Amino acid sequence: MITLTIDGRPVTVEEGTTLLAAAQRLGIRIPTLCHVPGIEPASSCFVCAVQIDGRRNLSPACSMPAAEGMVVATDSPSVRAARRIALELLLSDHAGECVAPCAVRCPAGLDIPGFVYGIATGDNGRAMEVIRERLALPGSLGRICPRLCEQECRRCDLDQGLAIDALHRYAADVAGQAAPPAQPATGKSVAIVGAGPAGLAAAWFLLQHGHECTLFDAHPLPGGMLRYGIPAYRLPKDALDAEIAAIRELGATFRMNQRWGENFSLAGLRERYGAVFLAIGAQRAQALRCEGEEHAIPGVEFLERAATGNPPPLGAGVVVVGGGNTAVDCARSALRLGVRNVRILYRRGRQEMPCLMDEVDAAEAEGIHLDLRAAPVRLERNGGGILLTCRRMALGEPDASGRPRPVEVAGSDFTIACSTVISAIGQAVESALAESEGLRVTGHGIAAGERTMATNLPGVFAGGDAVLGADLAVRAVAAGRLAAVSIHQYLSGQPVTGEPALAGMAMRPVDESELAAIFRSIEKAARTPMPSISMERRRTTFAEVETGLRAEDAACEARRCLTCGCRKADCCLVRSLAGEYEADAYRFAGARRRFSQDLSHPEVIYEPGKCIHCEACVRIAAAAGEEVGLSTIGRGFDVRVAPPFGATLAEGLRKAWRRAADACPTGALALRTARSCDVCSLARAD
Ligand SMILES: Cc1cc2nc3c(=O)[nH]c(=O)nc-3n(C[C@H](O)[C@H](O)[C@H](O)COP(=O)(O)OP(=O)(O)OC[C@H]3O[C@@H](n4cnc5c(N)ncnc54)[C@H](O)[C@@H]3O)c2cc1C
Ligand code: SF4
Ligand code: SF4
Ligand code: SF4
């Protein structure tokens, strides 16, 4: 037996024991990429480097035998630096991306290929399991999200982007947002002010942690702008109600008709609850800032009255001022309320309208007229109606928003006689209320940490439109989840750091040869169209315009997904160690390998650009007695792991394919059926 000291602790082991195994006896974890238990060490990754007293260089723990009296340090600054450099070198030549480009762009970070795979294989329950890990309200978002993800869908380079929103709407409508089993009650409580998407999302995730959640809201019903702003023809309220019901089922308490500043104070909530999340949105309509502005109806007020069955009388001709979602929703709602002459007045061009372009197209198709590059100057009462004086605008240099600045054209005034003017030029946050309770504010809203959502008051967090100013529902939902992470940390007595940032590789730019490799054997297939109701019904009722994908169409659309991103993103050792050692993936950026795929094996996919030459698969194939097996071939920069003598992967891995794929520390060798989430949950089950 041999006695040595590791990190200041003595341990006695049998002769021949490696330092890696000796450290394991003490419960000390030494990271390694290439080590496979029970198989000869390769010492190729050098991530298991440790410092042995008296030696100038670091030594690989996986192959170094323990010796009597050895003194070993496994986590000194020089050891950490060496590991970080080893990882940075591996990443410098990595051809592949951890997260699919669509998922990188989704503000909620939804695992898109993961959930889409569930639908493609007919397992909607599985799809919902993946969805609910990141996204509250997937059915509602599936109807109204501007689909930032789709702009990055790789299929856009082949034919058309995947209908991702329609797919998570489908999964939510079919499988329902059933609440997952919650953790045992923690006895901690959170007050959430505002039951819009941000507040609801925070509750959804906090309740799963076992914390009690009480939502206070000034309105009679929860949902925020999803209920009182966005009209039913885009988001039917029963779809929203079903998602809120799941949050209620999980244990949320709703205290409606309770207004912060009138019925309760923040100071009072801080005394009664363990933490507070402020999600009051941006609900105050901005005035037109022109003479006679008081004659216009604020857009959000009009929409709320329309949504609650109490629309104001509109008359025969309505002008809506603004170019965002609120403006277009006001115009399309006015049309559905029977006004036949509806026009939108916007000071920039069509392209610059901040509204979703699909909505602008839909408004025009329904007969709404766009009056572009024109702004209101004056509103005057004119008998029973309004005389609106407008001025033409030219487009000047880009302003702070990046859009061309509207410049008044002298002498271009014209008038429009109408019955109603609706002002929909934006909404603002009630910052004064927040300030009066000691919160710091910014030009947009309440000041909160970008990752932590923490405000300047201990235990008080804020997110969604309340922080960003009027924005998007998906960003509000994402903020709610991030706030839940931080609030959970706060309530559990941990430092509030927010969700840890994951290291990640992205291939940039993706060149022609790589696209060809990605699209190899993929046939062009048009995006499945979303069915919709007739134009007659659209113009005259608030029935939902888009009726949702049918089961066979959803499966067909899901099968268009190319599964970009890595099949092992959540269990790749290089990625997790890169995070742990704060490796900069682009520190040694330069020429990298090209992305390619070997699809010749029926069970596994090989992506050589992700191979780190650890030879785990080579050793596993040899140990399994594979006839052909794998070996390291080529020299210098051309070195690669492949079956020898031009054999195919199917020939090289006849028996050991599963073990090789499981042992591969990256996504280079992965089961065809693996998706990051599957692998991850398997790892958790272990
Ligand atoms: C007409 C319209 C159309 C839109 N269309 C889209 C779209 O198509 N796609 C998209 O992604 N986004 C859209 N948005 C934006 C989206 O609705 C918002 O970004 C999102 O609702 C913000 O969520 P939130 O939870 O932060 O705030 P909100 O949804 O505004 O919810 C805030 C909640 O706080 C409550 N509250 C406010 N003040 C108090 C107080 N003092 N005390 C108690 N409760 C209070 C309110 O009653 C409300 O329920 C649209 C917005 C509008 C107005
Ligand atoms: S929430 Fe929006 S951005 Fe995210 S996946 Fe769905 S459609 Fe795409
Ligand atoms: S093909 Fe699928 S995984 Fe790839 S970018 Fe599009 S939706 Fe995402
Ligand atoms: S493919 Fe083989 S050699 Fe390459 S990283 Fe995976 S296990 Fe290691």
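All residue numbers in this chain count up from 1 along the given sequence. Bear in mind the structure is a predicted one, so any value in this text is a computation, not a measurement. Numbering of ligands and ligand atoms starts at 1, following listing order.
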Atoms of ligand 3, numbered as shown, that sit under 4.0 Å from any heavy atom of [X]:
X	result
Cys153	1 (S), 5 (S), 6 (Fe), 7 (S)
Arg154	5 (S), 6 (Fe)
Leu162	7 (S)

For ligand 1, which atoms sit closer than 4.0 Å to a heavy atom of [X]?
X	answer
Gly194	33 (C), 34 (O), 35 (C)
Leu303	1 (C)
Gly224	29 (O), 31 (O), 48 (C), 49 (O)
Gln427	53 (C)
Gln258	42 (N), 43 (C)
Gly464	26 (O)
Ala279	32 (C), 33 (C), 34 (O)
Pro146	11 (O)

request  = Tell me which part of Val641 gets within contact of ligand 4: side chain, backbone, both or neither, using heavy atoms under 4.0 Å.
outcome  =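 The part of Val641 near ligand 4 is the side chain, not the backbone.
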query = Using a heavy-atom cut-off of under 4.0 Å, does the side chain or the backbone of Ala668 touch ligand 4, or both, or neither?
reply =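 Just the side chain.
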inquiry  = Once side chain to side chain donor-acceptor pair (under 3.5 Å) is applied, what residue pairs with a partner in residues 471-481 remain, sequence neighbours excluded?
reply    =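 Residue pairs passing side chain to side chain donor-acceptor pair (under 3.5 Å), neighbours aside: Asp471-Arg475, Arg481-Glu499.
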query = Going by the atom numbers of ligand 4, which of them fall below 4.0 Å from some non-hydrogen atom of Glu615?
reply =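 Listed by number with element, the hits are 3 (S), 8 (Fe).
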ask   = ligand 1 and Pro197, any nitrogen or oxygen pair closer than 3.5 angstrom?
value =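 So ligand 1 has an N or O lying under 3.5 Å from an N or O of Pro197.
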request  = Looking only at distances, please establish whether an N/O atom of ligand 1 is found under 3.5 Å from an N/O atom of Ala466.
outcome  =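 No, since none of the N or O atoms of Ala466 sits under 3.5 Å from an N or O of ligand 1.
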Atom 2 (Fe) of ligand 3 - nearest protein heavy atom and its distance =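 Answer, as residue, atom name and distance: Cys561 SG, 2.4 Å.
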task = Could you tell me whether Arg332 sits above the aromatic face of Tyr233, with NZ or CZ closer than 6.0 angstrom to the six-membered ring centre and within 45 degrees of the axis?
result =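 No, Arg332 and Tyr233 do not form such a contact.
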message = If I take every N, O or S atom of Cys102, is at least one of them less than 2.8 Å from atom 4 (Fe) of ligand 3?
response =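 Cys102 does not place any N, O or S atom closer than 2.8 Å to atom 4 (Fe) of ligand 3.
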query = Does Arg475 come within less than 4.0 angstrom of ligand 1, counting non-hydrogen atoms of the residue?
reply =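 False for this residue.
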